[in-house]
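Report on one structure; see the data block that follows.
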Number of protein chains: 2
Amino acid sequence: MDALAAIAEPTRRRIVDGLRLRECTVSELVDMLGMSQPAVSKHLRVLREAGVVSAQTRAQQRVYRLEPGPFRELDAWLAPYRRMWTHHLGELERHLDRKAAGPRLGNKAGPRLDN
Amino acid sequence: MDALAAIAEPTRRRIVDGLRLRECTVSELVDMLGMSQPAVSKHLRVLREAGVVSAQTRAQQRVYRLEPGPFRELDAWLAPYRRMWTHHLGELERHLDRKAAGPRLGNKAGPRLDN
DNA sequence: CAGTTATATAACCGTCAAGGCATGCACGAG
DNA sequence: CTCGTGCATGCCTTGACGGTTATATAACTG
């Protein structure tokens, strides 16, 4: 699933979010992103090679649209993690309960571990 | 959703996948990944600051576990994209269809103008 | 106390990627 | 055929990131 790395990039996620509703040409995306056209084309190349988008040549323009495959993969990868919040939480629930009730014994004033 | 960038990294995804079933100490993760301990600790720091994992100090060990929040966010972000394959899946994706019994049907012979 | 275990942090390095500009290429218009 | 448009590619710089070794911090052990 290299598509995840492609989508993780902020600019590319903006592109993907922009393509969610309607397909776009490169110029439209350049307009939407406020970046140089080569930069956008390079991001589109990354997304293309990751299978996230596909391009259709129309006149001198390239119309880009989303491909569902990577999203399905991501959804499938995410599926087992859904148990964390949909099914009875079990162990996690106990963990949260402990955190809400009081800190663990024996380890107060621990080092800053954030979160 | 900075957690996506955190999860996108291959090593960190291995950590996350490893933590999916059972919580682990740093040493266990080092063992599982075959990397140096500082490298693992840095990845865990990134995951911690992204809210993907949380740590609990137990004796001299830190027990890491997954935090459901980012996964729920990712699920929520992914939700609108689900229309791409739950709704009329027609154009480009029948070969990946999971509920179609027979993979027959004529090929659409779409122009592969990418890759 | 000293010593060991478990983990975090610091300093450093090589690599890689994102952004810019300039250019090449394909296509349609004239 | 020539020009303009729309997009891709090549080159370059810079900043971020993953990995390592060495060191600091914290807690248990004797």
Side-chain angles (χ1 to χ4, degrees), chain A residues 2-19 22-50 52-65 103-115, chain B residues 2-19 22-50 52-65 111-115:
Chain A
D2 201 8
L4 220 181
I7 296 178
E9 214 279 330
T11 301
R12 285 193 287 264
R13 207 156 57 215
R14 289 179 58 194
I15 294 179
V16 167
D17 283 330
L19 288 175
R22 47 196 165 277
E23 58 189 29
C24 295
T25 68
V26 178
S27 312
E28 290 173 330
L29 292 171
V30 167
D31 217 30
M32 162 199 303
L33 297 172
M35 277 173 38
S36 74
Q37 173 265 315
V40 175
S41 276
K42 281 201 286 189
H43 280 298
L44 287 170
R45 179 174 153 106
V46 173
L47 290 172
R48 239 189 304 131
E49 290 173 346
V52 178
V53 304
S54 63
Q56 171 193 349
T57 302
R58 193 170 63 188
Q60 322 147 17
Q61 324 189 13
R62 312 283 166 89
V63 182
Y64 279 85
R65 78 177 60 184
R104 287 282 306 156
L105 35 136
N107 170 35
K108 54 199 86 165
R112 220 34 247 139
L113 204 48
D114 85 344
N115 291 20
Chain B
D2 201 8
L4 221 181
I7 296 178
E9 213 280 330
T11 301
R12 285 193 288 263
R13 208 155 56 216
R14 288 178 59 195
I15 293 179
V16 167
D17 284 329
L19 288 176
R22 47 199 166 280
E23 58 189 28
C24 294
T25 68
V26 178
S27 313
E28 290 172 331
L29 292 171
V30 168
D31 217 31
M32 161 199 302
L33 297 171
M35 278 175 33
S36 73
Q37 173 264 316
V40 175
S41 276
K42 280 205 292 188
H43 282 298
L44 286 171
R45 179 175 152 108
V46 173
L47 290 172
R48 242 188 302 131
E49 289 173 348
V52 178
V53 303
S54 63
Q56 173 194 348
T57 303
R58 195 169 60 190
Q60 323 146 12
Q61 323 189 7
R62 312 281 167 88
V63 182
Y64 280 84
R65 76 178 64 194
R112 273 257 72 83
L113 34 81
D114 61 323
N115 302 9

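The sequence lines fix the lettering, A, B, ..., with proteins before strands; numbering per chain opens at 1. Keep in mind the model is a prediction, meaning the values are calculated, not measured.
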Practice problem: Give the nucleotide from the list dA8(C), dT9(D), dG19(C) with an atom nearest to the side chain of R48(B). | Solution: dA8(C)
Quiz item: Once you round it to whole Å, what is the distance between P of dA18(C) and CZ of R13(A)?
Solution: 13 Å
Exercise. Verify the contact: side-chain N or O of S36(B) to OP1 or OP2 of dT20(D), cut-off strictly under 4.0 Å; return yes or no.
Key: yes
Self-check item: 5'-most by nearest nucleotide on DNA chain D - M35(B) or V63(A)
Solution: V63(A)
Quiz item: Atom CD of E9(A) and atom P of dA17(C): how far apart are they, to the nearest Å?
Solution: 11 Å
Quiz item: Roughly how far apart are I7(B) CD1 and D17(B) CG, rounded to 0.5 Å?
Solution: 9.5 Å
Quiz item: Less than 4.5 Å apart, any side-chain heavy atom of V52(A) and any of V46(A)?
Solution: no
Quiz prompt | side chain to side chain donor-acceptor pair (under 3.5 Å) partners of S36(A), counting only residues at least two apart | solution = none
Quiz item: Starting at CG of D2(B) and ending at P of dC17(D), how long is that distance when rounded to a whole Å?
Solution: 9 Å
Self-check item: Pairwise 5' ranking along DNA chain C for V40(B) and A39(A), keeping only the more 5' one
Solution: V40(B)
Quiz item: The side chain of Q61(A) lies closest to which of these nucleotides: dG6(D), dA10(C), dA8(D)?
Solution: dG6(D)
Practice problem: Would you check if the side chain of E28(A) reaches a backbone N or O of T25(A) as a donor-acceptor pair within less than 3.5 Å? | Solution: yes
Quiz item: Looking at Y64(A), does any N or O in its side chain come under 4.0 Å of the phosphate oxygens OP1/OP2 on dG6(D)?
Solution: no
Quiz item: At their closest point, which heavy atom of V53(B) faces which heavy atom of L44(B), and how far apart are they?
Solution: CG2-O, 4.1 Å
Quiz item: Quick one: does R12(B)'s side chain have a donor or acceptor within less than 3.5 Å of a partner on A6(B)'s backbone?
Solution: yes
Quiz prompt | Closest non-hydrogen atom pair, M32(A) against R14(A) | solution = O-NH2, 3.5 Å
Self-check item: Between dA26(D) (C1') and R58(B) (CZ): distance, integer Å
Solution: 17 Å
Quiz item: Whole-Å distance between dG18(D) P and I7(B) CD1?
Solution: 14 Å
At a cut-off of 3.5 Å, list every protein nitrogen or oxygen paired with a nitrogen or oxygen from nucleotides 27-30 of chain C, distance to 0.1 Å.
| from | atom 1 | to | atom 2 | distance (Å) |
| --- | --- | --- | --- | --- |
| dG28(C) | O4' | Q60(A) | NE2 | 3.0 |

Self-check item: Out of dG18(D), dT20(D), dT9(C), whichever nucleotide has its closest atom nearest the side chain of S41(B)
Solution: dT9(C)
Self-check item: H43(B) side-chain N/O to dC17(D) phosphate OP1/OP2 under 4.0 Å
Solution: no
Distances under 3.5 Å only, N/O to N/O: pair up the protein atoms with those of nucleotides 12-16 of chain C.
none

Practice problem: Provide, to the nearest angstrom, the distance between the CZ atom belonging to R45(A) and the P atom belonging to dA18(C). | Solution: 12 Å
Quiz item: Per the side chain to side chain contact (heavy atoms under 4.5 Å, CB included) rule, which among V16(A), T11(A), L33(A) passes with H43(A)?
Solution: T11(A)
Exercise. Could you tell me whether a side-chain N or O of R13(B) sits under 3.5 Å from a main-chain N or O of A8(B), the two making a donor and an acceptor?
Key: yes
Practice problem: Using heavy atoms to find the nearest nucleotide of DNA chain C for R62(A) and T25(B) separately, return the residue whose nucleotide is more 5′. | Solution: T25(B)
Quiz item: CD of Q37(A) versus P of dT9(D): gap in Å, rounded?
Solution: 11 Å
Practice problem: Measure across R48(A) and Y64(A) and return the closest heavy-atom pair with its distance rounded to 0.1 Å. | Solution: NE-OH, 3.3 Å
